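Values below: every heavy atom of this structure, side chains too, minus hydrogens, waters and symmetry copies. The shown structure was predicted, so the numbers you read here are calculated from the model rather than taken from an experiment.
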Amino acid sequence: MKKHKILLIIGCIICTIGFNCPKSIIMNCKSISVNNMLNLKGSNDKNIMKFNSVDNIDLSEVTYFISESTRDPRLNEAIAKAYNLEKGKHNIRYYFNRVQLNNDMEPETFVYFIGSELCGTGGCSAAIFSCKNGEYELLSKFTLVNNPILITNNFTNGYRDIIMFVSGGGIEDSYRIMKFDGSRYPENPSIQPKVKPGTKLIGPAIIADDITKNLGIEF
């Protein structure tokens, strides 16, 4: 009888581990946390990058988020694969946040890069990784990106439209709409449609860190 009880306990432990491990993996792709949200009227204002006022666009309802601060080794591996990077060889920093872009219940991860290899006068590179069974898969890559990035509530082909600020490199300051084409988002925001003057933008501005104060995560 005692032997049966011991086996039963061991069986329960195995079952618990078996069910919890997949959940812990998926938790690495959890949604953006309200803990990252900054109170614009609070003492942390100095730590964020706010959108510039352009074309009389209303930014009063934008909510700003700082990036995640905990390194995710598997995300690091996905970044290395996507950009052919090697640790110790490339001087790259990055910032990331997780956000629900579609309705599949597994959030995507938006990554913004800083470094001479991935930046130019018009901005830096960025990428979106989807989460499939706890693993990262490259969904889209971007160039000429400036932070922050606005996630809207408008959907195109099942994914939320993204608003990016275009500036520098001889490009006129403007906000551009990035729409999912069914496979990926367009790579270059500077050639995408402009947000109409006077539009009210609503939604989370992700990765709104002031990169001169927050150095992000070293690759």
Side-chain angles (χ1 to χ4, degrees), residues 22-37 51 55 57-59 61-68 72 74-83 94-113 118 123-166 174-208:
K23 290 181 181 179
S24 66
I25 290 173
I26 293 173
M27 283 299 288
N28 282 333
C29 303
K30 64 183 178 181
S31 295
I32 192 169
S33 170
V34 293
N35 292 330
N36 288 19
M37 186 169 62
F51 280 118
D55 293 331
I57 291 174
D58 186 352
L59 303 167
E61 295 298 320
V62 173
T63 304
Y64 294 82
F65 288 80
I66 58 174
S67 62
E68 294 284 350
D72 184 335
R74 278 176 297 186
L75 177 59
N76 221 64
E77 292 174 5
I79 291 170
K81 181 179 178 180
Y83 287 91
Y94 65 89
Y95 306 77
F96 76 94
N97 256 331
R98 298 183 175 96
V99 60
Q100 190 76 52
L101 293 178
N102 58 15
N103 290 319
D104 68 358
M105 302 308 292
E106 293 202 31
E108 286 65 44
T109 301
F110 194 104
V111 186
Y112 179 66
F113 299 98
L118 296 177
C124 295
S125 297
I128 296 175
F129 294 90
S130 60
C131 183
K132 303 296 183 183
N133 299 318
E135 297 297 327
Y136 291 100
E137 294 183 7
L138 181 66
L139 179 66
S140 294
K141 295 171 76 172
F142 307 94
T143 59
L144 303 177
V145 178
N146 296 281
N147 70 318
I149 296 93
L150 182 75
I151 308 299
T152 77
N153 286 322
N154 298 318
F155 286 80
T156 302
N157 294 316
Y159 281 74
R160 296 179 189 273
D161 295 347
I162 299 175
I163 304 295
M164 292 188 179
F165 179 61
V166 172
S174 59
Y175 290 103
R176 305 296 178 118
I177 308 172
M178 311 287 282
K179 293 180 178 289
F180 193 74
D181 68 2
S183 298
R184 61 182 61 85
Y185 287 94
E187 183 176 358
N188 185 351
S190 68
I191 59 176
Q192 299 308 307
K194 291 184 179 181
V195 175
K196 293 180 179 179
T199 299
K200 184 173 186 177
L201 297 180
I202 301 174
I206 59 173
I207 313 178

- Task: Consider only side-chain N and O atoms of Asn76 and Tyr94, and report whether a donor and an acceptor are under 3.5 Å apart.
- Result: yes

- Item | Test item: Asp181 side-chain N/O and Ser183 main-chain N/O as donor-acceptor pair under 3.5 Å | yes

- Would Leu144 and Val166 satisfy side-chain contact (heavy atoms from CB on, under 4.5 Å), going step by step from the backbone distance to the final call? CA-CA 7 Å; Leu144 303 177; Val166 172; over 6 Å; no

- Item | Close side-chain approach of Phe142 to Ile128, heavy-atom, < 4.5 Å | yes

- Check step by step if side-chain hydrogen bond (donor to acceptor under 3.5 Å, both in side chains) holds for Arg160 and Asn102. CA-CA 6 Å; Arg160 296 179 189 273; Asn102 58 15; over 6 Å; no

- Please check if the side chain of Asn97 supplies one atom and the backbone of Ile66 the other of a donor-acceptor pair under 3.5 Å. yes

- Check whether the side chains of Thr156 and Asp161 place a donor and an acceptor atom closer than 3.5 Å, and report yes or no. yes

- Task: Measure the acute angle between the ring planes of Phe51 and Tyr175, then classify it against the limits of 30° and 60° as parallel, tilted or perpendicular.
- Result: perpendicular

- Task: Only counting residues at least two apart or in another chain, list the ones meeting side-chain contact (heavy atoms from CB on, under 4.5 Å) with Ala82.
- Result: Phe129, Leu138

- Item | Gln192 backbone acceptor or donor facing Arg176 side chain under 3.5 Å | yes

- Qualifying residues under side-chain contact (heavy atoms from CB on, under 4.5 Å), relative to Lys81, sequence neighbours excluded: none

- Can you check whether Leu118's main-chain N or O pairs, donor with acceptor, with Ser125's side chain at less than 3.5 Å? yes

- Message: If I take atom CG from residue Leu75 and atom SG from residue Cys131, how far apart are they, to the nearest 0.5 angstrom?
- Response: 10.5 Å

- Task: Evaluate side-chain contact (heavy atoms from CB on, under 4.5 Å) for Tyr136 paired with Ser130, printing each intermediate quantity in order.
- Result: CA-CA 6 Å; Tyr136 291 100; Ser130 60; over 6 Å; no

- Item | Derivation of the side-chain contact (heavy atoms from CB on, under 4.5 Å) call for Val99 and Leu101 | CA-CA 6 Å; Val99 60; Leu101 293 178; 4.0 Å; yes

- Message: Classify the ring geometry of Phe180 against Tyr185: parallel below 30°, tilted from 30° to 60°, perpendicular beyond 60°.
- Response: perpendicular

- Query: Between Phe113 and Tyr83, does the ring centroid distance fall short of 6.0 Å?
  - Reply: yes

